[in-house]
Amino acid sequence: MPELPEVETIARGVHDRVRGDRIVEAWFSSYPQPFKTPPAEQAHELAGRAILVVHRTGKHIVFELSSAAPPRPAKKSARTAASKADAEGPDTERPDAQWIVHLGMTGRLLVTNSDGPLASHTHARLHLASGRELRFIDPRRFGRLEFRSVASGEGFTPPGSDPLDVSAPQFAALFHGRRMPIKAALLNQSLLAGVGNIYADESLFRAGIRPRRRTHRITVAEYGRLRLSLREVLRHAIRLGGSSVSDYVDADGMRGFFQLEHCVYQRAGEPCRRCGTPIQRILVAGRGTHYCPKCQR
């Protein structure tokens with residue numbers, strides 16, 4: 001499943017390509033699984049809206065959308081329009097709706113030409129005024145698509161804290177009062193939003209903490225080290241475009257490179273890059289977990 005760096009990479013790539021574009025019409029497949037909002041409702045609500053911003057929230061990609069009103073005329077009369085534009089600037093239009101994409105296990109979000117080859121398992125096609133298309137492809141159909149009006153309600157927020165923003169005291173407080181393996185706690189999306197199997201293993205290795213250590217027995221200093229390790233791993237993975245260990249590609253269909261720098265994940269039996277001890281694989285919370293028995297305590 002794409003984790004925070006992969007979702008961040010895709011969100012940034014899509015933002016750079018479609019920001020300011022307008023959705024002319026939307027098509028959705030007949031499969032029911034990907035849709036938290038009925039597809040007919042999504043198609044109706046998305047048509048005519050401008051894409052203001054695309055960003056990551058937890059493991060979700062959120063499109064901030066304008067109202068479906070047609071764009072303002074290019075010509076503005078008199079000084080009042082000019083002074084208003086000067087005061088507000090070009091990017092002051094506030095979103096009143098969101099389109100929320102969760103990639104699931106095998107979801108991909110691609111920006112392509114409208115006449116580009118149509119991949120199998122395409123479940124959404126948003127035709128844009130620029131002539132391009134935004135396509136959602138998901139062979140296993142674990143992804144989810146949702147339309148949400150924020151004019152009369154709150155926008156989407158994940159239940160957990162963002163690991164790139166959480167402070168050191170907040171990070172320690174999330175886990176210290178619990179009694180569970182630290183690996184399981186890192187995967188709990190109600191505590192931290194966006195961390196998955198890959199980056200939990202990699203950050204625990206860099207912090208020198210075994211994945212089965214109980215959360216209430218980890219010191220505040222160790223939590224501080226783990227928080228910094230997690231942030232460093234996530235930011236470095238974002239710089240390298242994420243980890244392509246399965247179906248993941250970015251908005252242009254390109255693979256990431258962070259998998260080439262994994263220290264423990266999926267390296268069972270191989271020598272530790274730090275000490276040479278064979279990496280071990282165990283199960284924690286039902287998930288395959290990789291660690292170095294010498295470097296992690």
Side-chain angles (χ1 to χ4, degrees), residues 1-9 59 161-189 191-248 255-297:
M1 179 179 290
E3 302 179 28
L4 186 153
E6 291 77 45
V7 177
E8 180 73 26
T9 299
K59 288 186 180 180
S161 301
D162 193 293
L164 295 178
D165 298 330
V166 65
S167 69
Q170 290 171 335
F171 186 84
L174 287 174
F175 306 116
H176 197 61
R178 303 175 188 274
R179 294 174 177 264
M180 63 175 68
I182 184 60
K183 167 71 180 286
L186 288 172
L187 296 179
N188 188 334
Q189 298 300 298
L191 301 178
L192 277 184
V195 180
N197 215 29
I198 297 172
Y199 301 104
D201 282 2
E202 293 296 315
S203 61
L204 286 169
F205 170 77
R206 286 162 173 78
I209 299 172
R210 288 203 178 191
R212 280 180 172 162
R213 285 272 304 277
R214 309 297 288 188
T215 50
H216 65 290
R217 293 180 177 172
I218 296 175
T219 67
V220 172
E222 287 175 316
Y223 275 122
R225 193 165 68 240
L226 176 58
R227 170 180 166 269
L228 292 177
S229 297
L230 179 58
R231 293 175 69 174
E232 290 170 2
V233 167
L234 294 174
R235 286 172 174 166
H236 188 48
I238 291 169
R239 287 194 293 270
L240 295 183
S243 296
S244 290
V245 296
S246 182
D247 300 273
Y248 164 72
R255 292 170 60 84
F257 294 97
F258 188 70
Q259 70 275 7
L260 302 177
E261 299 196 13
H262 289 174
C263 292
V264 292
Y265 183 74
Q266 289 191 344
R267 297 190 64 244
E270 298 180 28
C272 172
R273 300 188 192 277
R274 189 177 293 168
C275 72
T277 302
I279 299 299
Q280 293 189 7
R281 183 185 186 276
I282 58 175
L283 287 179
V284 178
R287 305 295 298 275
T289 299
H290 307 79
Y291 76 103
C292 174
K294 184 175 181 179
C295 294
Q296 294 173 252
R297 299 294 180 184

Say whether, by atom type as modelled, one donor and one acceptor occur between the side chain of Tyr223 and the main chain of Ala173 under 3.5 angstrom. no

Is a side-chain donor or acceptor of Asp201 paired with a backbone partner of His290 at a separation under 3.5 angstrom? yes

Would you say Glu3's side chain and Gly196's backbone share a donor-acceptor pair under 3.5 angstrom? yes

Partners of Leu283 by side chain to side chain contact (heavy atoms under 4.5 Å, CB included), sequence neighbours excluded? Arg281

Between atom CD1 of Ile182 and atom CD1 of Ile209, what is the distance when rounded to the nearest 0.5 Å? 6.5 Å

Would you name the heavy atoms of Leu226 and Ala207 that are closest together and state the gap between them? CA-CB, 3.7 Å

Any pair counted as salt bridge (charged side-chain N to carboxylate O under 4.0 Å, His left out), so long as it reaches residues 288-297, sequence neighbours left out: none

Nearest-0.5 Å distance, NE2 of residue His262 to CD1 of residue Ile198: 5.0 Å

Nearest heavy atoms of Pro181 and Val284, plus distance in Å: CB-CG1, 3.9 Å

Which pairs pass salt bridge (charged side-chain N to carboxylate O under 4.0 Å, His left out) with one or both residues in residues 211-226, sequence neighbours excluded? Arg213-Glu222

Where Val264 and Gln296 come nearest, the two heavy atoms and their spacing: CG1-OE1, 4.3 Å

OG-CD distance between Ser203 and Glu232, expressed to the nearest 0.5 angstrom: 10.5 Å

Apply the side chain to side chain contact (heavy atoms under 4.5 Å, CB included) test between Cys272 and each candidate in Pro293, Cys263, Pro278, Cys292; give the one that qualifies. Cys292

Mind checking side chain to side chain contact (heavy atoms under 4.5 Å, CB included) for Ser161 and listing every partner two or more places apart, or none if nothing turns up? Val166, Leu174, Leu192

List in chain and number order the residues that pass side chain to side chain donor-acceptor pair (under 3.5 Å) with Gln280, two or more places apart in sequence or in another chain; answer none if no residue qualifies. Tyr291

Closest approach of Phe171 to Leu230 (non-hydrogen atoms, all atoms of both residues): CE1-CD2, 4.2 Å

Sequence neighbours excluded - salt bridge (charged side-chain N to carboxylate O under 4.0 Å, His left out) pairs with any residue from residues 269-279: Arg267-Glu270

Sequence neighbours excluded, which residues qualify as side chain to side chain contact (heavy atoms under 4.5 Å, CB included) partners of Pro169? Ser167

What one should report as the nearest heavy-atom pair of Pro163 and Leu4 is CG-CD1, 3.6 Å

Just so I know, are the side chains of Leu191 and Arg178 near enough to count as touching, which here means a heavy-atom distance under 4.5 Å? yes

Which atom pair, heavy atoms only, marks the closest approach of Leu164 to Asp162? N-OD1, 2.9 Å

Applying salt bridge (charged side-chain N to carboxylate O under 4.0 Å, His left out) to Arg206 and not counting sequence neighbours gives Glu202

His236: which residues meet the side chain to side chain donor-acceptor pair (under 3.5 Å) condition with it, sequence neighbours left out? Arg239, Glu261

Report the residues that fulfil side chain to side chain contact (heavy atoms under 4.5 Å, CB included) with Ala200, sequence neighbours left out, ordered by chain and then residue number. Lys183, Leu186, Leu187, Val195

Could you list the residues that satisfy ring-ring contact (aromatic ring centres under 6.0 Å, His included) with Tyr199, not counting sequence neighbours? Phe258

